[in-house]
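For reference, the structure discussed in these notes is given below.
A note on names: the letters A, B, ... follow the listed sequences, proteins ahead of strands, and every chain is numbered from 1.
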There are 2 protein chains.
Amino acid sequence: MARTAGRPTRSKAEIQEFRSKIGKHALEIYRVEGFGAVSIRRLAKEVGCAPMTIYAHFEGKTDILRFLWADVLRDMSHDIEKKLKSVVDARERLRAAAQAFVDYWIDHPDHFRLVFMSNDVTRADVSAFIMDEDTLAHFLMFSGFIREVHPEEHDVKMSTDTLISGLIGIALCMNTMPDYPWADAASMTNQLLSSIST
Amino acid sequence: MARTAGRPTRSKAEIQEFRSKIGKHALEIYRVEGFGAVSIRRLAKEVGCAPMTIYAHFEGKTDILRFLWADVLRDMSHDIEKKLKSVVDARERLRAAAQAFVDYWIDHPDHFRLVFMSNDVTRADVSAFIMDEDTLAHFLMFSGFIREVHPEEHDVKMSTDTLISGLIGIALCMNTMPDYPWADAASMTNQLLSSIST
DNA sequence: TTAATATTTGGTACGCGTTCTATATTATTA
DNA sequence: TAATAATATAGAACGCGTACCAAATATTAA
């Protein structure tokens with residue numbers, strides 16, 4: 001189809017640039033003042049555009065908050081790596097990683113809320129938790145740990161998925177139901193790990 | 001201390017009555033029009049009081065939404081019971097219950113969001129997920145199932161907690177990250193169960 | 001340049017949760 | 001009855017997410 005007259009559609013690069021400008025500023029606000037301070041109106045004002053312009057580039061606020069996930073997950077990964085430095089045994093590395101994972105989310109409840117509980121209840125539709133490969137890598141590191149412990153394991157993927165969702169579940173429960181006397185996180189993590197250690 | 005003059009404090013019964021009146025009406029709205037339709041302003045208008053009066057009885061909107069949890073959990077329990085009717089073997093009952101639990105939350109994503117993801121991200125404080133005993137019972141039924149399968153099990157509580165949080169985690173992951181190719185829920189549930197079957 | 005089209009902007013609007021203040025209402029004791 | 005204290009109310013205000021719309025602006029093909 002031949003190009004007609006008129007202003008051309010924004011290039012992918014332009015769109016990307018604007019989105020990341022907004023995203024970076026959102027990150028800055030959140031780091032200094034917390035999530036509550038991140039608002040579309042404020043973002044627009046401080047970045048120098050109209051609020052509606054943001055809606056031309058993002059689906060909504062949740063779409064902006066996704067930009068913060070990467071930062072949080074990176075922080076989490078660093079935290080885990082730090083704790084793993086002195087651990088050599090493969091089995092113990094897996095255990096320590098799982099434990100560090102849970103601990104991170106328990107120690108940073110606001111981060112947990114941002115990443116795992118940021119879907120608006122008022123929305124009926126299931127808004128997708130879209131992740132790029134870099135982001136996913138922060139979760140899939142567990143695949144590597146599992147493979148180290150069980151090189152013969154036939155279904156590493158299922159073990160990984162079960163472990164990850166289980167660990168997230170532990171964090172969710174301890175975060176959102178702090179008054180219920182849960183068994184301690186370490187014990188639950190260990191028991192969960194026992195399910196994938198054949 | 002002697003009573004002084006002045007209007008006496010509301011009795012517990014009065015407080016309870018008002019709270020349940022609001023709660024019941026919220027339930028009605030939500031059943032007909034969904035969660036998005038439940039708002040404090042509307043609640044006040046339809047129940048015949050000022051919006052501020054509600055704030056005298058509830059901490060905030062989340063505090064009201066808690067009234068809907070009981071309803072959702074009851075619904076979930078009924079669903080599980082129905083599916084368990086024809087299952088006699090204890091081990092299979094546990095498995096079927098766990099599966100039905102996960103399935104329920106996957107089939108009713110809006111209910112899942114209400115119960116497990118209704119904490120406002122903007123709030124820094126961890127608002128407690130307070131449950132009464134009736135509500136808790138809907139979760140603790142798993143203790144019974146586990147005990148039936150493993151009468152000798154020394155730490156039923158830990159197994160129960162690990163199972164519940166793990167199942168919730170599976171539901172959370174599949175609900176909030178539907179685009180990620182998770183292993184199927186049944187497989188993950190089974191693997192999770194293997195961790196408590198010693 | 002002109003016409004066509006994409007995008008941005010500003011303004012207005014709705015309903016929301018929440019907070020504040022000032023005023024009224026109520027039920028009790030003195 | 002009068003004073004008093006608990007409670008309820010109305011009203012305004014703030015900032016929010018989101019939607020709609022008309023006007024302005026930018027960028028291209030003809």
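- Residue pairs meeting the salt bridge (Lys or Arg N to Asp or Glu O under 4.0 Å) criterion with at least one partner in residues 138-151 of chain B, sequence neighbours excluded, do not occur; the list is empty.
- Atom pair B:Glu33:CD and C:dC16:C1' shows a separation of 15 Å (rounding to whole Å applied).
- Interface remark: the B:Arg41 side chain does form a donor-acceptor pair with the C:dG17 base, using a distance-only criterion of under 3.5 Å.
- The separation between B:Lys12 atom NZ and D:dT7 atom P is 11 Å, rounded to whole Å.
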Heteroatom pairs (N/O) under 3.5 angstrom, protein to nucleotides 19-23 of chain C:
none

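- Taking atom CD1 of residue A:Ile29 and atom P of nucleotide D:dC16, one finds them 10 Å apart after rounding to whole Å.
- The side chain of B:Ala56 lies closest to D:dA8, out of D:dA8, C:dC16, D:dG17.
- For residues 163-175 of chain A, no residue pair satisfies the salt bridge (Lys or Arg N to Asp or Glu O under 4.0 Å) rule, not counting sequence neighbours.
- The salt bridge (Lys or Arg N to Asp or Glu O under 4.0 Å) pairs that include a residue from residues 8-22 of chain B are B:Arg19-B:Asp63, where partners are two or more places apart or lie in different chains.
- Nearest nucleotide to the B:Arg10 side chain, out of D:dA8, C:dT9, C:dT7: D:dA8.
- Residues meeting the salt bridge (Lys or Arg N to Asp or Glu O under 4.0 Å) test with A:Asp103, sequence neighbours left out: none.
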Quiz: residues 79-91 of chain B side-chain donor-acceptor pairs under 3.5 angstrom, not counting sequence neighbours:
unit_1	atom_1	unit_2	atom_2	d
B:Asp89	OD2	B:Arg91	N	3.4
B:Asp89	OD2	B:Glu92	N	3.0

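- The shortest distance between the side-chain N/O atoms of A:Ser39 and the OP1/OP2 oxygens of D:dG15 is not below 4.0 Å.
- Closest contact between the side chain of B:Cys49 and the listed nucleotides D:dT9, C:dG17, D:dA8 involves D:dT9.
- Closest approach to the A:Ala50 side chain among D:dT9, C:dG10, C:dT8 is made by C:dG10 (side chain taken as heavy atoms from C-beta onward).
- We find that CZ of B:Phe18 is positioned 13 Å from P of D:dT7, with the value rounded to whole Å.
- In this structure, B:Glu14 atom CD and D:dT7 atom P are separated by 9 Å, rounded to whole Å.
- Put simply, NZ on B:Lys61 is 8 Å from C1' on C:dG17, counting in whole angstrom units.
- The backbone N or O of B:Gln191 sits less than 3.5 Å from a side-chain atom of B:Ser194, completing a donor-acceptor pair.
- Rounded to a whole Å, the NZ atom of A:Lys45 is 15 Å from the P atom of C:dT9.
- Minimum heavy-atom separation, A:Ala171 to A:Trp105: CB-CB, 3.7 Å.
- Counting to the nearest Å, the P atom of D:dT9 and the CG atom of B:Leu43 are 14 Å from each other.
- Dashed line: the shortest gap from a side-chain N or O of A:His57 to OP1 or OP2 of C:dT8 is under 4.0 Å.
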